[in-house]
Amino acid sequence: MLYMTVRTRFAPSPTGFLHIGGARTALFSWAFAKKHGGDFILRIEDTDVARSTPEAVQAILDGMHWLGLDYDEGPFYQMQRMDRYKQVLKTMMDAGSAYYCYSSREELDALREQQMANKEKPRYNGKWRPEVGKTLPEIPTDVKPVIRFKNPQTGVVAWDDLVKGRIEIANNELDDLIIARDDGTPTYNFCVVVDDSDMGITQVIRGDDHVNNTPRQINMLLALAEIDANIKLPKYAHLSMILGSDGQKLSKRHGAVSVMQYDDDGYLPEAVINYLARLGWSHGDDEVFSKQQFAEWFDLDHITPSAAQFNTEKLNWLNNHYIKAADLDVLATDITKRLARMNITVTAQPSIKDAIALYRDRANTLNELAQSIAYFYSQPQIDEAAKEKHITPDILPVMNALTAQLANTNWTTEALHAAIEHAVTSNGLKFPKVAMPLRVMLTGGAQSPSIDAVMCILGKEETLKRLAF
RNA sequence: GUCCCCAUCGUCUAGAGGCCUAGGACACCUCCCUUUCACGGAGGCGACCCGGGUUCGAAUCCCGGUGGGGACGCCA
């Protein structure tokens with residue numbers, strides 16, 4: 001066989017937003033396809049009609065878009081492929097690899113409960129499984145049947161997982177899973193098999209929680225391959241999970257947030273991508289790299305098989321790096337929006353680009369950046385403790401004299417620095433003694449970049465207005 | 001309970017039997033820079049889960065234990 005075009009897919013179910021774990025799975029699938037010049041496909045697994053919502057579909061699409069994970073095909077929707085599933089279902093029924101099961105839900109529940117009580121692995125008892133020489137029970141009239149896959153009962157299913165290595169499972173551990181509900185709609189494991197096969201998926205890259213589904217899917221694929229010799233098995237790569245910063249599993253109730261939340265919180269998509277790429281994958285000692293670089297470097301051989309804990313500090317560090325590297329105009333647009341959300345209107349003066357340039361080094365998030373330059377456009381809340389500490393009675397004459405002098409000072413950083421320096425030296429003081437009171441009155445607090453630079457951006461009029469000692 | 005998976009600094013990780021006195025990054029600590037706080041620079045603290053093998057030699061291979069996780073749906 002010659003080289004087959006690589007085709008990967010991301011197949012979320014639209015029952016919620018795109019969270020960080022799903023995002024990483026999508027990123028890795030995307031990167032694998034890019035690396036090999038293949039196609040990345042988006043498929044929405046919406047066969048659970050009761051729980052799927054259009055809002056969730058949109059949330060997933062938004063998340064993918066924000067992260068810049070473009071797909072070559074799709075989005076495909078499983079609900080639109082019903083005819084195809086029914087067709088395959090019929091083929092399997094005809095071939096005898098699937099059968100009707102008339103056990104009621106109640107019956108099944110009771111069976112499961114009993115097995116749990118006996119400390120057995122809960123599984124279907126094969127009541128309606130046809131066998132040569134076996135007489136099936138009389139078909140009840142009040143039960144609509146489900147369709148079950150006739151799983152092999154002996155031997156083992158095995159595959160060489162691209163991240164975990166060889167995994168073998170005995171067929172007698174598997175039971176006959178339901179592949180179509182009593183209303184005729186197909187279920188997850190069946191749809192996945194049909195879709196991955198139809199869509200020519202070559203590498204299934206998905207979460208660790210699917211390891212247990214893989215043997216069932218392989219068995220179905222094998223059964224299908226007996227009917228259609230063209231059907232090939234994909235390779236499988238199972239990614240371990242991402243745990244919360246406390247080491248606990250991420251869930252809706254516990255720490256799993258939408259990737260869009262990171263946007264709201266002031267993280268750049270570049271930072272999130274870079275961070276996610278390093279969570280469970282490595283390229284030597286490289287830490288900071290672009291999405292494009294990642295796509296060139298990515299491979300399945302350097303994926304860690306163990307679970308990774310999410311660490312906000314490192315994300316912050318990366319985010320700060322990307323904030324420092326970002327285009328000023330882009331930042332200005334973004335920060336203006338964030339300030340607007342705080343009911344602060346950005347005006348032409350002071351220059352927001354100058355303000356951002358002065359503060360970007362110290363911001364871990366865009367929200368912090370917006371917060372830190374807010375005082376240029378609104379009156380700062382004076383930190384009373386800082387005021388008390390730095391604006392002491394003895395310094396007031398110096399400050400008043402300086403303020404008066406400032407009124408006649410050329411408004412450049414250099415001239416402002418000289419003016420402050422003059423107040424410092426002519427009074428035999430240390431620089432901070434004069435700089436700190438200015439800082440408190442001008443910015444509201446005791447921390448800021450060089451105060452002369454701050455004054456220069458703030459402007460003469462506003463500076464003098466705030467310097468009412 | 002049964003089956004499956006996993007195990008290197010606090011965290012993310014490098015590591016393919018000798019390059020390991022176990023490397024890098026985040027965080028933390030110290031110092032330098034300095035106009036406060038950051039940024040930046042230089043140092044520092046800090047790990048191979050335990051026990052058996054295999055081997056001249058094991059973080060690396062094998063077995064067992066322990067610990068953690070996942071799955072066991074007419075969810076995906």
Side-chain angles (χ1 to χ4, degrees), chain A residues 11-15 45-48 50-52 78 101 103-105 108-109 112 115-123 144-148 161 164-165 167-170 173-175 177-183 185-189 191-192 206-215 238 240-241 243 245 247-249 275 278-288 301-302 304-318 320 324 359-364 372 386 390 417 420-421 424 430-436 438-440 443 445-453:
Chain A
S13 67
T15 54
E45 311 223 316
D46 54 357
T47 52
D48 185 355
R51 296 199 303 164
S52 297
Q78 289 187 321
C101 165
S103 294
S104 67
R105 291 168 198 255
L108 260 16
D109 288 345
R112 186 160 30 237
Q115 288 167 329
M116 292 285 251
N118 292 344
K119 303 196 184 293
E120 287 164 30
K121 184 171 183 164
R123 68 223 300 189
K144 284 172 72 183
V146 297
I147 296 175
R148 284 186 186 271
D161 197 277
K164 290 178 183 293
I167 298 178
E168 285 188 1
I169 283 145
E173 286 294 333
L174 273 20
D175 63 356
L177 74 158
I178 292 171
I179 56 178
R181 303 177 177 90
D182 61 11
D183 64 1
T185 59
T187 61
Y188 167 74
N189 277 296
C191 296
V192 167
R206 66 198 347 178
D208 211 325
D209 46 338
H210 287 290
V211 168
N212 296 274
N213 292 323
T214 306
H238 288 100
S240 59
M241 3 191 315
L243 308 171
S245 18
Q248 296 299 299
K249 188 195 176 181
Y275 179 71
R278 281 292 287 111
L279 215 50
W281 176 84
S282 62
H283 185 266
D285 287 340
D286 292 307
E287 294 286 352
V288 181
D301 299 333
H302 291 83
T304 318
S306 54
Q309 221 169 295
F310 194 89
N311 183 243
T312 308
E313 273 78 37
K314 191 158 182 181
L315 207 213
N316 283 345
W317 171 74
L318 275 170
N320 172 252
K324 286 190 283 190
Y359 272 93
R360 70 197 318 192
D361 283 357
R362 57 191 66 215
N364 281 334
S372 64
H390 298 291
H417 183 82
I420 299 168
E421 193 67 55
V424 167
K430 295 277 192 196
F431 201 100
K433 188 75 179 157
V434 176
M436 290 310 289
L438 291 174
R439 212 173 327 257
V440 173
T443 73
Q447 294 100 43
S448 85
S450 296
I451 198 60
D452 36 32

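Throughout, protein chains are lettered first and strands after them, A, B, ... in sequence-line order, and every chain is numbered starting at 1. The analysis underlying the following values was restricted to heavy atoms, covering all of them including side chains, and did not include hydrogens, waters or symmetry mates.
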Nucleotides 41-49 of chain B: which of its N/O atoms have a protein N/O under 3.5 Å away?
none

Do you know which two heavy atoms are closest between A/Pro122 and A/Arg112, and how far apart they sit? CB-CG, 3.7 Å

With heavy atoms under 4.0 Å as the rule, sort A/Pro215 into base, sugar-phosphate or nothing. nothing

B/rA59 and B/rG23: how far apart are their C1' atoms, nearest whole angstrom? 13 Å

Nearest heavy-atom approach of A/Ser245 to A/Gln309 is O-NE2, 2.9 Å

Within the 4.0 Å heavy-atom criterion, would you say A/Asp361 contacts the bases, only the backbone, or no part of the nucleic acid? sugar-phosphate

For nucleotides B/rU54 and B/rC63, find the distance between their P atoms and express it as a whole number of Å. 15 Å

In chain order, what residues pass the side-chain contact (heavy atoms from CB on, under 4.5 Å) check against A/Asp301, with sequence neighbours excluded? A/Asp299

Rounded to whole Å, please give me the gap between CE in A/Met436 and P in B/rA38. 12 Å

Checking N1-N3 plus N6-O4 or O6-N4 for Watson-Crick, or N1-O2 and O6-N3 for wobble, each under 3.5 Å, the partner of B/rA25 is B/rU11

Over all atoms of both residues, closest heavy-atom pair of A/Val192 and A/Glu45: CG2-OE1, 3.6 Å

Can you figure out which of B/rG1, B/rA76, B/rC6 approaches the side chain of A/Thr47 most closely? B/rA76

Could you tell me whether the side chain of A/Asn213 has a donor or acceptor atom within less than 3.5 Å of a complementary atom in the base of B/rA71? no

Under 4.0 Å between any heavy atoms, over every strand shown, what does A/Arg360 touch: base, sugar-phosphate, or nothing? Just pick one. nothing

Which pair of heavy atoms, one from A/Asp208 and one from A/His238, lies closest together, and at what distance? CA-CB, 4.3 Å

Pick the C1' atom in B/rC61 and in B/rC48, then give their distance to the nearest Å. 15 Å

Of the candidates B/rC39, B/rA7, B/rC74, the side chain of A/Pro305 sits closest to B/rA7

Please give me the minimum heavy-atom distance between A/Asn320 and A/Ala363, naming the atom from each residue. ND2-O, 2.8 Å

Spacing of the P atoms in B/rC39 and B/rC31 (rounded, Å): 16 Å

Report which part of the nucleic acid A/Glu120 touches: base, sugar-phosphate, or nothing (heavy-atom distance under 4.0 Å, all strands). base

Considering every strand and a 4.0 Å limit on heavy-atom distances, what is the contact class for A/Val146: base, sugar-phosphate, or nothing? base

N or O in side chain of A/Arg123 less than 4.0 angstrom from B/rC72 OP1/OP2: no

When the C1' atoms of B/rC20 and B/rA14 are considered, how many whole Å apart are they? 12 Å

Taking all non-hydrogen atoms of both residues, which atom of A/Ser306 and which atom of A/Ser240 are closest, and how far apart? O-OG, 2.7 Å

Go through the structure and list residues passing salt bridge (charged side-chain N to carboxylate O under 4.0 Å, His left out) with A/Glu287, not counting sequence neighbours. A/Arg278, A/Lys314

When all nucleic acid strands are considered with a 4.0 Å heavy-atom cut-off, which category describes A/Lys430: base, sugar-phosphate, or nothing? nothing

Interatomic distance where CG belongs to A/Asn212 and P belongs to B/rG73 [whole Å]: 11 Å

To the nearest Å, give me how far apart CG (A/Asp208) and P (B/rC3) are. 19 Å

Which nucleotide, if any, forms a Watson-Crick or G-U wobble pair with B/rC72, using both distances under 3.5 Å? B/rG1

Holding to side-chain hydrogen bond (donor to acceptor under 3.5 Å, both in side chains), I want the full list of residues that pass it with A/Asp286, two or more places apart in sequence or in another chain. A/His283

For A/Glu168 and A/Asn118, take the nucleotide of RNA chain B holding the closest heavy atom to each; which residue's nucleotide lies nearer the 5' end? A/Asn118

Of the nucleotides B/rU2, B/rU36, B/rG69, which one has an atom closest to the side chain of A/Glu173? B/rU2

Mind checking whether A/Tyr275 and A/Phe310 have parallel, tilted or perpendicular rings, split at 30° and 60°? perpendicular

Mind checking A/His210 for me? I need base, sugar-phosphate or nothing, with any heavy atom below 4.0 Å counting as a touch. base

Measure from the side-chain heavy atoms of A/Arg105 and tell me the nearest of B/rC74, B/rA71, B/rA76. B/rC74

How long is the line joining CG of A/Leu174 and P of B/rC4, in whole Å? 11 Å

Identify, between A/Met116 and A/Pro432, the residue whose nearest nucleotide on RNA chain B lies closer to the 5' end. A/Met116

Do the non-hydrogen side-chain atoms of A/Ile179 and A/Asn189 ever get within less than 4.5 Å of each other? no

Nucleotide-resolved protein contact map, nucleotides 9-25 of chain B, B/S/- at heavy-atom distance under 4.0 Å: --SBSSS-------BBB

Using the P atom as the point on both nucleotides, what is the distance between B/rC62 and B/rG17, in whole Å? 12 Å

Quick note, A/Asp182 side chain, CB onward, closest among B/rA27, B/rC74, B/rA76 is B/rC74

Spacing of A/Leu177 atom CG relative to B/rA76 atom C1', expressed in whole Å: 13 Å

Name the closest nucleotide to the A/Ile178 side chain, picking from B/rA27, B/rC74, B/rA76. B/rC74

Please work out if A/Met241 contacts a base, only the sugar-phosphate, or nothing of the nucleic acid, heavy-atom cut-off 4.0 Å. sugar-phosphate

Which nucleotide in the set B/rC5, B/rG1, B/rC26 lies at the smallest distance from any side-chain heavy atom of A/Lys121? B/rG1

Just name whichever nucleotide pairs with B/rC49, Watson-Crick or G-U, keeping both distances under 3.5 Å, else none. B/rG65

Mind checking the C1' distance from B/rC50 to B/rU11? Whole angstroms is fine. 23 Å

In the structure I gave you, are the side-chain heavy atoms of A/Met241 and A/Asp209 within less than 4.5 Å of one another anywhere? no

Rounded to the nearest Å, what distance is computed from the CG atom of residue A/Asp209 to the C1' atom of nucleotide B/rC4? 13 Å

Between C1' on B/rU36 and OH on A/Tyr359, what's the gap in Å once rounded to a whole number? 11 Å

Integer angstrom distance from the P of B/rU8 to that of B/rG68: 15 Å

Pair assignment for B/rG17, Watson-Crick or G-U wobble, requiring both distances under 3.5 Å: none

For A/Tyr359, check side-chain hydrogen bond (donor to acceptor under 3.5 Å, both in side chains) against everything at least two apart and list the hits. A/Tyr375

In whole angstroms, the gap separating C1' of B/rC74 from CZ of A/Arg51 amounts to 13 Å

